[in-house]
Structure formats: structure tokens, C-alpha cells
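Scope of the values below: all heavy atoms of this structure, side chains included, with no hydrogens, waters or symmetry mates. Whatever order the structure lists them in is the order used to number ligands and atoms, beginning at 1.
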Amino acid sequence: MFLPILWALCFVNTARAVTVYGQIPFGQTSAAATQTGAGAAPTDTSSSLLAAYDETILRPPTLPQDQSLNFTLNLAATNASVPWLSIMQHGSFYGFSIEMSVVTQLMGKNSSHLQVPFLNLMGQIQQRSGGVHIRIGGNTQDFAVYVDDIPDGHATAKEKSDLKNPTLTPAVLYSKELFYLAASISSLVNVRWYLGIPFNDTNWRLQIAEYGQAILGDRLIGLQGANEPDYYLSHGHRTEPYGPFEYHGEFGQLIEAMKNNPNIPIKNMLIGPSLASGPWTPEQMWETDYINVYKDSLVAITMEHYPSNNCFVRFNVGSYVDPQEAFPTFLTHQSALSLVEPYRHTSNLAREAGKPFIMFETNTATCGGLPGISDSFGAGLWALDYGLTMAATNFSHALLHVGGQNVYYNPFTAPPTNQSSFNQWTIGAIYYSVIIVAEIFGKSNVSQIVDTSNNGLLTPSYAIYDNGALDKVALFNFMDDPTGAHDITGTITVNGGQVPAQVHVKYFAASSVSVKTNLTWAGQTYGNKFKVDGRPKGELNITTIPCDQAANLCNVPVKAPGFALVFFNDPRTVETEVTPITFETSAFTKTINTVTIDPEVLATSNGQSGKERAKLGSTSFGSVNGAEGLRALVPAFSILVAMVCGAGVVMMAR
Ligand SMILES: *[C@@H]1O[C@H](CO)[C@@H](O)[C@H](O)[C@H]1NC(C)=O
Ligand SMILES: *[C@@H]1O[C@H](CO)[C@@H](O)[C@H](O)[C@H]1NC(C)=O
Ligand SMILES: *[C@@H]1O[C@H](CO)[C@@H](O)[C@H](O)[C@H]1NC(C)=O
Ligand SMILES: *[C@@H]1O[C@H](CO)[C@@H](O)[C@H](O)[C@H]1NC(C)=O
Ligand SMILES: *[C@@H]1O[C@H](CO)[C@@H](O)[C@H](O)[C@H]1NC(C)=O
Ligand SMILES: *[C@@H]1O[C@H](CO)[C@@H](O)[C@H](O)[C@H]1NC(C)=O
Ligand SMILES: *[C@@H]1O[C@H](CO)[C@@H](O)[C@H](O)[C@H]1NC(C)=O
Ligand SMILES: *[C@@H]1O[C@H](CO)[C@@H](O)[C@H](O)[C@H]1NC(C)=O
Ligand SMILES: *[C@@H]1O[C@H](CO)[C@@H](O)[C@H](O)[C@H]1NC(C)=O
């Protein structure tokens, strides 16, 4: 409850800027400063060699000969009897899975050194959905090792190469700073976290659960027990025999170890089985009765899957996937349908067991993504369609994976360290997909979606009900034709009701499925390569389309390519209630991308020394220690708010 209050306090002071503490006086963080800096900033082109900045542009797929361009969606006015209507969905449906080894690049070096663009990017989602779910983990979580201290006070580090693990990837070291870093972020934007218990062997290293629960409190929403265990045998983490039954047994051992550990007060927040659905099918896992046996320990049922891979190029494994040949397979609704097909039964099992079903890690292609595809506008349309299909199939959440500068598929990428003083961030088209899905489901928690596609695989569509009433329609056009000859018109009619006098449309647009630049959502862009600070730029453009109420229809055009979100109720009336959460910095100084919160203030803000910060953490969210914790929290957060709002210049009355 106190977080909104804190924000309200900030807004009262009209002080939404987070300023570099102790350096730049509050109030001087003007746009002018930003622009001057931007104009003067050099750009390093050497980084285009890194995958995240790759310039490959593929040819758009050839156009179909016999595609009908006009179609009618006859939609029920209410949710009362819509076949296959989904469960209630949240705006936080799409979240992120951040590889443990890149946490310090993306989130901040430690709790007193946060990445401002990251806060803004999360704030954009929170503004629409109320919050964001982030998993810290991935392949690197299994070999993670807790250490008391990391040089420079950073949250994570790579282990020195003389201590290499069997796959020759240095283990990730993490300290308590990792949890303080996450907690600091959660004090500014409503992010909730999933963590993963290392599972490379069964000598359980449980510090991640112990410190996670102590420091993050109710901001920790799940602990993953194994990451893609169906690959453990082929990756050399286990020896034969290792199948679903062996994993099932180990999961039981983990539950036992947690039960016997007094430093893990909450026993029932495990997440599994997180199969890659490669070697083992979900059905093989369910044959072990995993859900029934472990349902009291599980908070969610999870799977991880990518439709394609770049493993031949990266690791000389498997066979070569040609991006140009693969591109058309992403630009059709068939991709989403095929991706959810193996999970329809699992989705029902999870619902029957009363557990959320989460696609815990996904993206365009594993082993780093595919050049030309993963960061294209086409991938943005693909991720949007895939997300909505998952939602329509009763997945509760899906997390898009984020790696470092050496992958193609990132929703967001921090500049290489040696360029961070003059280059800003880069986002991939799939970041827009997350923003749009957040907007589609919004904050009501009573949004339902149904796949209404009836005009072939290149023009899928969905209807969204909110609080029982038809509220939005989503229309896709995967075709790519700059002449306009393949623009489509979706005609919406309402069955058992009437169309409104007008609808309000936001378009997701770019010149071609192949491009990576000049993407816009409702006329606004987050910026091209190296230009992203996490805030949208340009005028919001919502198109008003009059409907024909006598004929009970609205005609909504969608360009080839493009996506339209049709609102039955003016989205501006909803949005004006929402105060955007944005953080500004004075920008383009050495410390441009960071918020520095004075560690002294953090360490002593509830009257405790730095040494006792575990205690501060455990009371931070008022959940672990109940009422006493909440009392301890108030002064700590007042100071933090003063500091965050006014950077130590504007002091708040307490
Ligand atoms: C499709 O609908 C639009 C808008 O109603 C109309 O202008 C166009 O002629 C139609 N095209 C075809 C092929 O029917
Ligand atoms: C598991 O990982 C830890 C930390 O990296 C390492 O010390 C241990 O030897 C690993 N166990 C196996 C069986 O590889
Ligand atoms: C956090 O990281 C910054 C930047 O590397 C460093 O200067 C600072 O000392 C670190 N803070 C702590 C508490 O170690
Ligand atoms: C999703 O759950 C709803 C119940 O809330 C059910 O009616 C619907 O059939 C389910 N959809 C799928 C694809 O299983
Ligand atoms: C940054 O580091 C990379 C890799 O070490 C190097 O190729 C590049 O030239 C450096 N750029 C600058 C601006 O120093
Ligand atoms: C929606 O759900 C979130 C997370 O469970 C909760 O914090 C929020 O208060 C809910 N909103 C409404 C309007 O019920
Ligand atoms: C329709 O929406 C209302 C309000 O959100 C909800 O209570 C009801 O269960 C929904 N009905 C169906 C069939 O999903
Ligand atoms: C992107 O937009 C800018 C400004 O409107 C324009 O100058 C530039 O040519 C566009 N780039 C592409 C690739 O369309
Ligand atoms: C707003 O968007 C519509 C639809 O894409 C477009 O026709 C119009 O030119 C845009 N208006 C502005 C001011 O950019």
C-alpha cells in the first residue's frame, strides 16, 4: 500500500526526476540539457559488429496471391457465452527473463547505482499495467555461487577462469547486493521478481532463497526449481539415467531441503518444471504425477520454449537455420498456434490445479536469436501475436528473455561499457510488443481475450472483454506491401449490442516487416539504435474512426504491415488518470545512465548500520516481519522519497 503513497508524495512536489545525487541540483534536468548533449555525442560504429546492433535487413516474404483483404468480425457484446474465452488476464502478462550474468549491465551495478533507462522502460509498462514481472536467471543461474563480497561492491561478477564449470562458462558470483539492487528498483517501480535455485547438482545452495525472501519480502513471487532439466543430460549436468522421474525425485529433495532450512520461512513458492520441451514432452512429465504430488509447494507451472535457434552458428550444434528462409515462418499466425499447441493440455491441468501457467523463458530463437529477424518490426508483430495467442490459451504470463550485447533478440540493450558515457540504450521491436500487451489487458485484472481470426493466417484478430463488456479489438496485417495494395479492412459488428458512434485506434507501425528503425506506437517512438532513454518521443496519435451505427459496423483499416488496437472507449480518459512514471537525468555526463542513491542514506535510513542491512531489507516491504516491520519502514522510506524526489535538495516534511 505504501508505494503508491510514496509516489503520490513525489508528484505533489512535481518532482518526478531522479537526479544524480550530490552532483546536479534538482530542477536543472531540462530537456535542453539532454538535447545539447545528444547533439554533441559521438557515435561509435564499431559496436555494429555486436549482435545487438547488427544491421542485417532481410527481404520481406513474398505476397500471397489470393488473400482476401476485407473481413467481418461479428463479436458478442458481452462475455456471457463466448466460446474459448480466456481466463482473467493482467496487464503484466508479458514480463522479462534477464540472464543472471547481465544483471549489472541492465539493472545497475548495485543498489546505489541504478540504470535510469531501465527504470524508465519498466515505468512505461507499469503506467499501463500496474506492474512488471521479472525473472533473474537463465542458464547462468544453475552454476551461480553466493559470495559475501564482490570487488567494487557490484551485485554480480563472473568467476575467474581458473574455477570454470564443466561447460567452460565461468560461474556467476552474486552477493547480497543483488537483492538490494532488486529491492531498490522495486522501491521506485512496481517490479516483482522470480529467482532460481541453482540446480546443477543436489548439494543445494539455498542462499538465493534465503536472501531473496529476507530482502525482497513480498516482491519475491517465485523460486524456480531447475531450468530446462530436460537438457541436463545433454549438457553434461547429469549422468544417465536422467529422465522426468529422476527430476521429479530431485524436486522432492529440494522441497525437503527447504523445509529443513529455518532461513527460508516461505516454503511454498516453487516454480517448475520449466521444461524446454525438447527432450521431454510435457506429457512425459505429467506421467510422474508432478503437479498433484507437489501442488502444495508450487506457485506456478512453467515451461520454456523458443520457436527457432541459432545454435549451429553459435556453437556448431544442430543444423544451420537460414534467417532469410526462416523469416516468413515468423510472419504468420501459424507460428503462435504451433507454439501453444503442445501446451493446451498443460494449460488445462494448471487451471484445474488452480496454478498460473507461465511461459517462463521465450523469444524468437535460442542461442542468441537470428540476425535480421529477432530485432525487426516483423518480430515485434510476431511477439505481439504470440503473446495474445498464449493469453487466449490461458497462459497467465510469458517472459521474454534478455541477454547481453552478443544476442540479436533483446527487448532492450545497454550500451557496451566503454560507450556508456555517450551512447544511450537500444530497444528491439519486441519491447513495443510488451508495451502494447500491457495496454491491451490494462490494470483492471478482469480482462479476457479470445482469438477471433477468421481471415487466414496473415491477418489474425482478437477480441478483448473488460469487466464483461467488449472493450477492444486487435487486428494484425503480417503482409508487407508498400504500394498499399495489401492493406486490409476489418469490419467490426456487435452481436447483441451496438457499435459505438466512433472507435479510437492506436497503430503499431513501421515501413516494412524487415526494418529496425522508426517504429511507432500511436505515433510515438522510443528511439532508434543508441537513442533510447526509456521515454517515448513524439506526439501521441490516436486515430478516431466514425462507425456506422445504423448498419452496426465500424471499418478499421490496417496497413501492410501493421497492427491496430481498436478501443471502444476513449483510451485518453483512462490514461489521464495515470501519472507517467519517468526518471530524468541531466544526461550525457559520465554518470548519464545512472541514479546514484547515497549509500549512506540507504544504510542508515532506519537507524541501522550498513552491517545490519539485511534487517533493513527484511522490513522494506513490510511483509516478513508484519506490523513491526511496517513501523520500522516509515522513516526509512520518507528519507528515500525525499532523496528520490529532490535528490537531497528538496527535503520533505515527515
Ligand atoms: C474493403 O473495404 C474498404 C473499406 O470499406 C473498401 O474501400 C474497399 O473497396 C474494400 N475492398 C474490397 C476488395 O472489397
Ligand atoms: C555446481 O556448481 C558449483 C558452483 O559453480 C560447483 O562448485 C559444483 O562443482 C557444480 N557441481 C557439479 C556437479 O558440476
Ligand atoms: C556500487 O557501484 C558503484 C559503481 O561501480 C561503486 O562506486 C560503489 O562503491 C558501489 N556501492 C557499494 C555500496 O559498494
Ligand atoms: C480457458 O479457461 C476458460 C475458463 O476460464 C475456459 O472456458 C476456456 O475453454 C479455456 N481455454 C482454453 C484454450 O483451454
Ligand atoms: C570498446 O571496446 C570494444 C571491445 O573491446 C572495442 O572494439 C571498441 O573499439 C571500444 N570502443 C571505444 C569507443 O573505446
Ligand atoms: C490487480 O492485481 C494486482 C496484482 O495482483 C494488484 O496489485 C492490483 O491491486 C489489482 N488491481 C485491481 C483493480 O484489482
Ligand atoms: C464475465 O466478466 C465478469 C466481470 O469480469 C465475470 O464476473 C464473469 O465471470 C465473466 N464471465 C465469463 C463467462 O467469463
Ligand atoms: C526515419 O525517420 C527519420 C525522421 O523522420 C528519417 O529522416 C529517416 O529517413 C527514417 N529512416 C528510415 C530508415 O526510414
Ligand atoms: C496519425 O495516424 C494516422 C494513421 O496512421 C495517420 O494517417 C496520420 O497522418 C497521423 N497523424 C499525424 C499527425 O501524424
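Just one residue in the list I221, L223, I134 forms a side-chain contact (heavy atoms from CB on, under 4.5 Å) with L195, and that residue is L223.
Those atoms of ligand 2 that come under 4.0 Å of a heavy atom in V145, given as number and element, are 4 (C), 5 (O). Taking every heavy atom of N200 and a limit of under 4.0 angstrom, the matching atoms of ligand 2 come to 1 (C), 2 (O), 3 (C), 8 (C), 10 (C), 11 (N), 12 (C), 14 (O). Near I87, meaning under 4.0 Å from one of its heavy atoms, ligand 4 places the atoms 2 (O), 5 (O). Counting the atoms of ligand 2 from 1 in the order shown, those under 4.0 Å from a heavy atom of A171 are 5 (O). Of all the atoms in ligand 4, the ones that sit under 4.0 Å from a non-hydrogen atom of N348 are 14 (O).
With 3.5 Å as the limit, one finds no donor-acceptor pair spanning the side chains of N477 and T459. Side-chain contact check for H401 and S97: at least one donor-acceptor pair (N or O, by modelled atom type) lies under 3.5 Å. A donor and an acceptor atom, one from each side chain of N455 and S68, are located under 3.5 Å apart. T202 and E250 are not linked by any side-chain donor-acceptor pair at a separation below 3.5 angstrom, with hydrogens and angles left out of the test.
In terms of modelled atom types and a separation under 3.5 Å, the side chain of N467 and the main chain of V446 share no donor-acceptor contact.
At least one N or O atom of F143 sits closer than 3.5 Å to an N or O atom of ligand 2. Residue contacts with ligand 4: W84 is placed with no nitrogen or oxygen under 3.5 Å of a nitrogen or oxygen of the ligand (distance criterion only). Between N394 and ligand 4, at least one pair of N/O atoms sits closer than 3.5 Å. Annotation: D201 places an N or O atom under 3.5 Å from an N or O atom of ligand 2; distance criterion only.
Around atom 4 (C) of ligand 1, the closest heavy atom drawn from T491, L69, T489 belongs to T489.
The closest side-chain heavy-atom distance from M88 to Q448 is below 4.5 Å.
In this structure, the protein non-hydrogen atom closest to atom 7 (O) of ligand 4 is L85 O, 4.0 Å. What sits closest to atom 11 (N) of ligand 1 on the protein, heavy atoms only, is N70 ND2, 2.9 Å.
Residue contacts with ligand 1: N555 is included, with a non-hydrogen atom under 4.0 Å away.
Here H237 has no heavy atoms under 4.0 Å from ligand 2, in either its backbone or its side chain.
For the atom pair CD1 of I358 and CG of L399, the computed distance is 6.5 Å after rounding to the nearest 0.5 Å.
Aromatic rings of Y232 and Y247 (six-membered ring for Trp) have centroids beyond the 6.0 Å cut-off, not under it. Ring centroid separation for the pair Y294 and H248 comes in under the 6.0 Å cut-off.
Protein heavy atoms all stay at least 4.0 Å away from atom 9 (O) of ligand 1. Atom 2 (O) of ligand 1 is flagged as protein-proximal [any protein heavy atom, distance under 4.0 Å].
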